Amino acid sequence: MENVKWIVVKNPEEGAKEVFNLISEELQHNRLHVLGLATGSTMIPIYNEWTNSSLDFSNITAFNLDEYVGIDADNPNSYAYFMNQHLFSKKPFKETYIPNGMAEDLDKECKEYEDQLNSHPLDIQLLGVGENGHIAFNEPGTSFDSVTHVATLTDSTLGVNSQYFENDDKIPNIALTMGISSIIKSKKLIMVAFGEKKRAAMEKLKAGEVTAEWPITKLLHHEDVIVITDLQLD
Ligand code: GLP
């Protein structure tokens with residue numbers, strides 16, 4: 001697929017350096033104003049690289065992909081907490097947006113989030129991938145036309161993500177997530193996948209067939225995608 005540029009690295013640290021170089025180049029050329037961010041273990045070396053650098057995000061508006069419902073920003077299991085811990089407490093941004101999983105009216109929150117995204121078009125969206133091919137919390141079968149919405153998580157995702165849950169908290173089975181269409185609207189996508197557990201999803205992407213059963217494959221319809229992985233794929 002010509003629209004997808006594959007960068008194969010030796011390990012996550014080298015992958016983080018590649019992301020760093022891409023982001024710094026966009027900043028230098030004044031092409032980055034609105035940055036979509038992600039959570040998950042994949043992002044930790046990436047954010048470490050940024051926080052240990054002189055990158056300046058003080059003019060950048062950031063949007064996160066998703067958040068669990070019913071967990072507040074002070075709870076270490078929330079994505080808001082993760083972002084503060086790994087990035088925002090160490091690097092000032094102009095503004096940061098994360099869906100509010102504590103909102104009383106979740107549908108209203110989703111609509112307002114999508115409105116904010118529409119008024120701040122994404123220049124770059126950073127993405128990880130779930131083992132089942134989900135992007136953000138867009139699980140297999142989610143419509144490619146989806147915008148920010150309330151999502152029900154699959155057993156696969158609950159199983160994988162519950163390993164990271166602290167304090168005996170039960171993982172919520174619902175979350176707020178940017179939709180596939182909201183993500184795909186970003187001018188540029190940087191997708192990162194490390195480790196054997198991501199092989200099935202990466203093989204689907206490499207195979208080149210776009211199917212809702214593997215949400216990640218929708219990236220093939222985007223014209224500017226960079227994939228950074230430590231997986232060797234044929
Ligand atoms: C969660 C997030 C996804 C992320 C995925 C992978 O499900 N909602 O946005 O891509 O985790 O996480 P990890 O990087 O820990 O493998």
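Owing to the predicted nature of the structure, the values given are computational and were not obtained by experimental measurement. Whatever order the structure lists ligands and atoms in, that order sets their numbers, starting from 1. Computed from heavy atoms alone, side chains included, the values below leave out hydrogens, waters and symmetry copies.
Geometrically, ligand 1 and Thr157 share no nitrogen or oxygen pair separated by less than 3.5 Å. Polar contact with ligand 1: absent for Ala38 (N/O pair, distance under 3.5 Å). Considering backbone and side-chain N/O of Asn161, one or more are found under 3.5 Å from N/O of ligand 1. At a 3.5 angstrom cut-off on N or O pairs, Ala136 counts as close to ligand 1.
Put simply, no part of Phe194 is less than 4.0 Å from ligand 1, judged by heavy atoms. Residue His134 places a heavy atom under 4.0 Å from ligand 1.
Nearest non-hydrogen protein atom to atom 4 (C) of ligand 1 is Thr39 O, 4.0 Å. Scanning the protein for heavy atoms near atom 1 (C) of ligand 1, the closest one is Tyr79 OH, 3.4 Å. Gly40 CA, 3.9 Å is the protein heavy atom nearest to atom 12 (O) of ligand 1.
Note that CZ of Phe93 and OG1 of Thr61 are 9.5 Å apart. Values are rounded to the nearest 0.5 Å. To the nearest 0.5 angstrom, Met83 atom CE is 11.0 Å from Ser78 atom OG.
Annotation: side chain of Val4 is not in contact with side chain of Leu219 (no heavy-atom distance under 4.5 Å).
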Using the rule given for side chain to side chain contact (heavy atoms under 4.5 Å, CB included), can you reason through Ile190 versus Glu18, listing the C-alpha separation, both sets of side-chain angles and the distance that settles it, and then say yes or no? CA-CA 10 Å; Ile190 301 177; Glu18 292 288 345; over 6 Å; no
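Each of the atoms 13 (P), 16 (O) of ligand 1 lies under 4.0 Å from some heavy atom of Lys198. Short contacts between ligand 1 and Asp66, defined as distances under 4.0 Å to a heavy atom of the residue, involve ligand atoms 2 (C), 8 (N), 9 (O). Distances below 4.0 Å separate heavy atoms of Val129 from the following atoms of ligand 1: 6 (C), 10 (O).
Residues passing the side-chain hydrogen bond (donor to acceptor under 3.5 Å, both in side chains) test with Lys90: none are found, sequence neighbours excluded.
Checking Glu114, Glu109, Gln116, Lys111 one by one against Thr148, the side chain to side chain donor-acceptor pair (under 3.5 Å) holds for a single residue, Glu114.
Aromatic ring pairs are classed by plane angle as parallel below 30°, tilted from 30° to 60° and perpendicular above 60°; the pair Tyr97 and Tyr113 is perpendicular.
With respect to the salt-bridge test (charged N to carboxylate O, under 4.0 angstrom), the residues Arg199 and Glu196 qualify.
Proximity of Thr42 to ligand 1, defined as any heavy-atom pair under 4.0 Å, is shared by backbone and side chain alike. Contact annotation for Ser41 and ligand 1: heavy atoms of both the backbone and the side chain come within less than 4.0 Å of the ligand.
More than 12 heavy-atom neighbours from other residues, nucleotides or ligands sit within 6.0 angstrom of CD on Gln163.
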